[in-house]
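Heads up, the thing below is written out as structure tokens.
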Amino acid sequence: MTILVHTKADLAKARAGLPGRVAVVPTMGALHDGHRALLRRAKEIADAVVVTVFVNPLQFRPNEDLDTYPRSLDADLAMCEAEGADVVFAPSVNEMYPDGREGLTSVHAGPLGEVLEGASRPGFFTGVLTVVAKLFHLTRPDAACFGEKDFQQLAMVRRMVADLDLGIAVEGVPTVRESDGLARSSRNVFLSEAERAAALAIPAAIGAAQASPDPLAAARRILGAEPALDVDYVAVRAPDLGEAPAAGPARLLIAARAGTTRLIDNAPVVVGDTAIGDAR
Ligand code: PAF
């Protein structure tokens with residue numbers, strides 16, 4: 001039986017009753033199979049699981065999709081029940097930010113927060129890290145699960161946990177893909193049929209990059225051949241998101257817009273070698 005709570009006070013009571021090691025799965029709801037993989041991993045590594053469902057306004061800019069971001073708490077709760085989560089914390093904006101958002105004390109994301117997603121969405125990672133720090137304090141977890149799909153977010157949460165000595169084991173969970181290779185995302189529901197077809201250039205670019213000694217050029221070639229995709233960035237970086245290595249293991253990261261929907265994806269690649277397995 002999953003307990004649903006909406007307030008910090010009720011969360012504290014529910015948390016006090018949880019046995020052993022606790023894992024938290026922070027989400028913005030609209031749960032899909034990618035989140036299901038997070039819930040399952042959390043079950044494996046802990047005795048009890050807390051899921052948070054909160055569309056965090058701090059990480060949306062005024063021109064972004066805060067108002068239209070999909071919300072489906074009943075279905076989210078059903079998935080959490082089915083996966084044996086113990087507690088779902090679904091607070092209101094007022095519960096999380098009772099004194100408003102102006103002048104709020106925040107977690108500054110540092111230089112890694114200013115590249116890739118951070119360059120395209122200024123302030124995004126400060127918003128993410130601030131809410132994640134709050135959720136960590138409220139749920140007091142031993143472990144936390146995040147998807148590799150948001151690879152930079154995962155790296156930044158790891159960095160925050162290390163820099164601020166939070167003592168939480170951060171678990172990265174591999175990206176879950178549709179049968180055609182598109183990474184699962186809550187925003188996929190916004191794609192028209194034509195946009196979805198164009199979006200498949202992203203997993204195609206990943207596949208080509210993984211088969212090439214020059215992954216960046218290979219990915220660019222595929223993405224450049226899809227006029228209906230507006231590429232925001234395509235980059236190769238070190239696995240810790242530092243400068244790309246001249247040779248060896250690296251990470252390919254892509255952000256692109258299909259219509260008005262912004263999609264991100266990433267995968268391991270090897271520079272200077274015709275490498276590794278398939279992203280799909
Ligand atoms: O990945 C997400 O869904 C969000 O960025 C997170 C981690 C729940 C913070 O709002």
Side-chain angles (χ1 to χ4, degrees), residues 8 11 23-39 41-42 49-61 64-73 75-77 79-80 85 87-97 101 104 106-109 112-113 116-118 120-139 141 143-161 164 166 168-176 183-190 241 253 255 261-266:
K8 296 176 196 175
L11 173 63
V24 67
V25 180
T27 81
M28 296 208 298
L31 303 186
H32 50 68
D33 280 351
H35 296 106
R36 195 186 300 279
L38 299 181
L39 298 179
R41 187 65 189 137
V49 175
V50 179
V51 181
T52 69
V53 174
F54 179 60
V55 183
N56 171 36
L58 287 192
Q59 65 191 76
F60 289 79
R61 280 159 47 87
E64 292 185 340
D65 56 354
L66 173 63
D67 292 340
T68 54
Y69 194 86
R71 288 162 172 87
S72 56
L73 187 57
D76 295 346
L77 197 56
M79 183 188 288
C80 292
V87 178
V88 171
F89 175 49
S92 65
V93 171
N94 192 50
E95 183 69 12
M96 287 298 280
Y97 304 117
R101 286 172 267 147
L104 190 73
S106 58
V107 179
H108 176 59
L112 188 54
L116 302 168
E117 282 303 282
S120 299
R121 306 176 70 188
F124 173 69
F125 284 115
T126 291
V128 169
L129 294 184
T130 300
V131 80
V132 170
K134 279 169 74 75
L135 293 169
F136 282 173
H137 285 297
L138 291 167
T139 58
C145 294
F146 291 86
E148 283 185 356
K149 167 159 179 299
D150 297 297
F151 196 76
Q152 189 177 5
Q153 170 173 280
L154 171 62
M156 301 215 48
V157 170
R158 283 193 206 286
R159 182 71 200 254
M160 174 179 77
V161 165
L164 301 184
L166 299 184
I168 296 166
V170 177
E171 187 81 6
V173 178
T175 302
V176 176
R184 289 265 180 177
S185 163
S186 303
R187 290 185 169 101
N188 288 354
V189 295
F190 295 135
L241 296 183
L253 301 108
T261 306
R262 193 165 179 282
L263 302 167
I264 60 172
D265 206 342
N266 70 88

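For ligands, and for the atoms within them, numbers begin at 1 and follow the listed sequence. What you see is a predicted model; the values in this text were computed from it and never measured.
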Quick check on contacts: which atoms of ligand 1 are under 4.0 angstrom from a heavy atom of T27?
8 (C)
Ligand 1 atoms in contact with V131 (distance to a heavy atom under 4.0 Å)
9 (C), 10 (O)
Considering only the protein, which heavy-atom contact is closest to atom 2 (C) of ligand 1, and what is its distance?
Q153 NE2, 3.9 Å
Can you tell me which residue and heavy atom of the protein come closest to atom 9 (C) of ligand 1, and the distance to 0.1 Å?
Q59 OE1, 3.4 Å
For a side-chain contact (heavy atoms from CB on, under 4.5 Å) with S186, tell me which candidate from H35, R71, M28 qualifies.
H35
Taking 4.0 Å as the limit for heavy-atom contacts, which would you say applies to V157 with ligand 1: side chain only, backbone only, both, or neither?
neither
V51 and A85 have their tightest heavy-atom pair at CG2-CB, 3.8 Å
What are the two closest heavy atoms between E148 and L154, and how far apart are they?
CG-CD2, 3.9 Å
Applying side chain to side chain contact (heavy atoms under 4.5 Å, CB included) to V189 and not counting sequence neighbours gives P70
The side chain to side chain contact (heavy atoms under 4.5 Å, CB included) partners of R101 (sequence neighbours excluded) come to P57, L58, V93, Y97
